[in-house]
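First the proteins, then the strands, lettered A, B, ... as listed; each starts at 1.
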There are 2 protein chains.
Amino acid sequence: MTATFYQNKDSFLVAADCIIMGFHENELNILVSRRQIEPLKGGWSLMGGFVNAPESIDEAAERIFGEFTGIKDIFMEQVGAYGEINRDLGERVISIAYYALVNIDEFDTSLAEKYDARWVRLTQLPELVFDHNKMVKDTIGILQRKAAVKPIGFNLLGDQFTLPTLQSLYESIYQESIDKRNFRKKLMTMDILEKLDEKDKSSSKKGAFYYKFNKEKYDQLIQQGLHFSL
Amino acid sequence: MTATFYQNKDSFLVAADCIIMGFHENELNILVSRRQIEPLKGGWSLMGGFVNAPESIDEAAERIFGEFTGIKDIFMEQVGAYGEINRDLGERVISIAYYALVNIDEFDTSLAEKYDARWVRLTQLPELVFDHNKMVKDTIGILQRKAAVKPIGFNLLGDQFTLPTLQSLYESIYQESIDKRNFRKKLMTMDILEKLDEKDKSSSKKGAFYYKFNKEKYDQLIQQGLHFSL
DNA sequence: GCAAAAGTGTTTCAGGTACACCCATGA
DNA sequence: TCATGGGTGTACCTGAAACACTTTTGC
């Protein structure tokens, strides 16, 4: 028999909403879907669901994320809790937002069909239901602050990528253009990339060399107390 | 008759916990209290309480904060949601943490007695119940990142303060010592302080001039797109 | 007159920013 | 051969960090 310590207290539905970001065609994209249930059924929405009793809120977010993407083991962090009384037009729901950075190539497109989900460019984000636009905005803020200091951007790319791609990723995060010489200089100073022999010739005739992120070296540098700023 | 949109979903107790920080005797202090209820009654705890149905989570945090301090209109921001299954030993409770920066002089000490609350130095923080130590740690992280970029530190001081005091505040936040010449130079460059004629002679024979934060000037500079880093 | 804290400048160095041309290749 | 995107180096400037002595005044 479980003791009930806290009596006569109100309880609440708790949801987890996922801001799922990918990088595609040189732009940040966000996964949105047509809402499956009333109210606002059919409206553009983030991927969300209710927290179940036997799971932590982090676990709920991971479960929901997996249901919509088919991806597991992903970079995911909390954005914050959203608790305005009427934020959800259905009932009182407190929502915890999480953002995830995914390599869009691993994304299971069959699930996208099932949930009527699609990737939209961040720059062309439609009006979303409830306070979901605010969640996205808050996420971008976190991303900008965090990407400056930690190499989280690599989560959005595959194992190998070209410098022009990496640069447009950062331009997309900061929403401003960067001088390519300065960008490359800074990266080379950091010494956390490994140049490969192969070239990507898909976007130019000359071709751009592939690089890969050297996590070992990065961890090593961090351990030495070095700081980054990208 | 209210429509119930979401059925068969689990619901949860939701709490708000407040990390209340003040600055006293050249150190950051945190308000902690002896927990009033089981389980862990008598353990050191943050100021917390349950969210009630008719209030948003922000409102709940403000209410709880007011109950314990007697202060209103305070700088307060969310830290995040804590939702491990067994984080609260009593029942499943999801907690939203908020931090508040207060001028310790406005604090109503009679309330402190009522709740068996006291200010403890951050450097000598005791073991707290549940995951409250993690909440504090996360708050310090936020504070360090934020104080570097926004003049939030002034919320911890009265209208007027001396530069040595301001410096120890920042030293306390960053938990490292700062060269006073560099500190002053940077502040003067920013041009957001106003020097007063009066001196504080409480901590030295010579006395230190009082300054006040010039919010108008600060807002003006921000509007011009200037950035700070302290 | 001395102890104790307040106040004050200069030099050095690293990192940020601005900027323009050549290279490799497929069509 | 030309159009397209990839790749490279330098000069300047700002801001961070290191560093030591003088001033005031209560005791």
Side-chain angles (χ1 to χ4, degrees), chain A residues 25-27 144 147-149 151 157 160-174 176-212 221 224-230, chain B residues 25-27 144-145 147-149 151 157 160-212 221 224-230:
Chain A
E25 287 178 350
N26 288 341
E27 281 195 64
Q144 291 182 344
V149 150
L157 302 172
Q160 50 182 51
F161 45 84
T162 67
L163 293 185
T165 300
L166 187 61
Q167 177 167 348
S168 32
L169 168 56
Y170 276 88
E171 288 176 333
S172 193
I173 291 175
Y174 295 127
E176 62 186 21
S177 58
I178 303 172
D179 180 278
K180 64 179 168 179
R181 284 165 294 188
N182 294 337
F183 181 74
R184 294 163 104 99
K185 193 170 358 131
K186 214 187 296 187
L187 278 170
M188 292 314 153
T189 312
M190 289 182 204
D191 193 29
I192 52 172
L193 293 186
E194 202 173 311
K195 188 174 182 174
L196 306 179
D197 290 331
E198 221 176 326
K199 273 188 168 186
D200 167 31
K201 310 198 75 162
S202 66
S203 65
S204 79
K205 294 158 186 171
K206 183 175 179 180
F209 280 104
Y210 279 119
Y211 286 76
K212 56 185 257 190
L221 291 172
Q224 293 167 22
L226 268 79
H227 293 283
F228 284 85
S229 87
L230 212 68
Chain B
E25 288 179 348
N26 288 340
E27 281 195 64
Q144 291 183 343
R145 269 171 275 129
V149 151
L157 302 172
Q160 49 182 52
F161 46 82
T162 66
L163 293 186
T165 300
L166 187 62
Q167 178 169 346
S168 31
L169 168 58
Y170 276 89
E171 289 176 332
S172 192
I173 291 175
Y174 294 127
Q175 307 185 339
E176 61 186 21
S177 59
I178 304 173
D179 180 279
K180 63 179 169 179
R181 286 165 291 188
N182 292 338
F183 182 74
R184 283 163 187 257
K185 195 170 353 131
K186 214 187 295 188
L187 279 171
M188 292 314 153
T189 312
M190 290 182 200
D191 193 30
I192 51 173
L193 293 186
E194 201 173 311
K195 187 176 184 174
L196 307 179
D197 291 330
E198 221 176 325
K199 274 189 168 184
D200 167 31
K201 311 199 73 164
S202 66
S203 64
S204 80
K205 294 157 186 172
K206 183 176 180 179
F209 280 104
Y210 279 118
Y211 287 75
K212 55 184 259 193
L221 291 172
Q224 292 168 21
L226 270 77
H227 293 283
F228 285 85
S229 86
L230 212 68

Rounded interatomic separation in angstrom, taking [atom1] from [X] and [atom2] from [N]:
{"X": "F183(A)", "N": "dA18(C)", "atom1": "CZ", "atom2": "C1'", "result": "17 Å"}
{"X": "L187(B)", "N": "dG9(C)", "atom1": "CG", "atom2": "P", "result": "16 Å"}
{"X": "Q167(B)", "N": "dG7(C)", "atom1": "CD", "atom2": "C1'", "result": "12 Å"}
{"X": "L166(B)", "N": "dG7(C)", "atom1": "CG", "atom2": "P", "result": "12 Å"}
{"X": "I178(A)", "N": "dC19(C)", "atom1": "CD1", "atom2": "P", "result": "17 Å"}
{"X": "D200(B)", "N": "dA4(C)", "atom1": "CG", "atom2": "P", "result": "18 Å"}
{"X": "R184(A)", "N": "dA18(C)", "atom1": "CZ", "atom2": "P", "result": "19 Å"}

With heavy atoms of chain B within less than 4.0 Å as the criterion, where does contact along DNA chain D begin and end?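 Using the under 4.0 Å cut-off, the span is dA16(D) to dG26(D).
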
I want to check something: taking the side chain as every heavy atom from C-beta on, are [X] and [Y] in contact at a cut-off of under 4.5 Å?
{"X": "L193(A)", "Y": "F161(A)", "result": "yes"}
{"X": "M188(A)", "Y": "L163(A)", "result": "yes"}
{"X": "L230(A)", "Y": "Y170(A)", "result": "yes"}

Closest-nucleotide mapping onto DNA chain C: is S204(A) or N182(A) further toward the 5' terminus? I mean the 5' end. N182(A)

Walking DNA chain C from its 5' end, the first of K185(B) and T162(B) to be reached, judged by nearest nucleotide, is T162(B)

Quiz item: K206(A) side-chain donor-acceptor pair to dA24(C) base, under 3.5 Å: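 Checked by distance alone, the answer is no.
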
So, using side-chain contact (heavy atoms from CB on, under 4.5 Å) as the criterion, who are the partners of Q224(B) when residues are at least two apart?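 Q224(B) satisfies side-chain contact (heavy atoms from CB on, under 4.5 Å) with Q220(B), L221(B), L226(B) once adjacent residues are dropped.
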
Report which part of the nucleic acid S229(B) touches: base, sugar-phosphate, or nothing (heavy-atom distance under 4.0 Å, all strands). sugar-phosphate

Pick base, sugar-phosphate or nothing for K180(A), based on heavy-atom distances below 4.0 Å to the nucleic acid.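 Contact class for K180(A): base.
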
Between the side chain of E194(B) and the main-chain N/O of K212(B), is any donor-acceptor distance below 3.5 Å? no

5'-most contact on DNA chain D: K199(A) or K205(A), nearest heavy atom basis?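 Taking each residue's closest nucleotide, the earlier one in sequence belongs to K205(A).
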
Starting from the 5' end of DNA chain D, give me the residue, R181(B) or S203(A), whose nearest nucleotide shows up first.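 With R181(B) and S203(A) compared, the 5'-side residue is S203(A).
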
Residues forming a side-chain hydrogen bond (donor to acceptor under 3.5 Å, both in side chains) with T162(B), sequence neighbours excluded: T165(B)

Got a second to check how far R184(B)'s CZ is from I178(B)'s CD1, nearest 0.5 Å? 12.0 Å

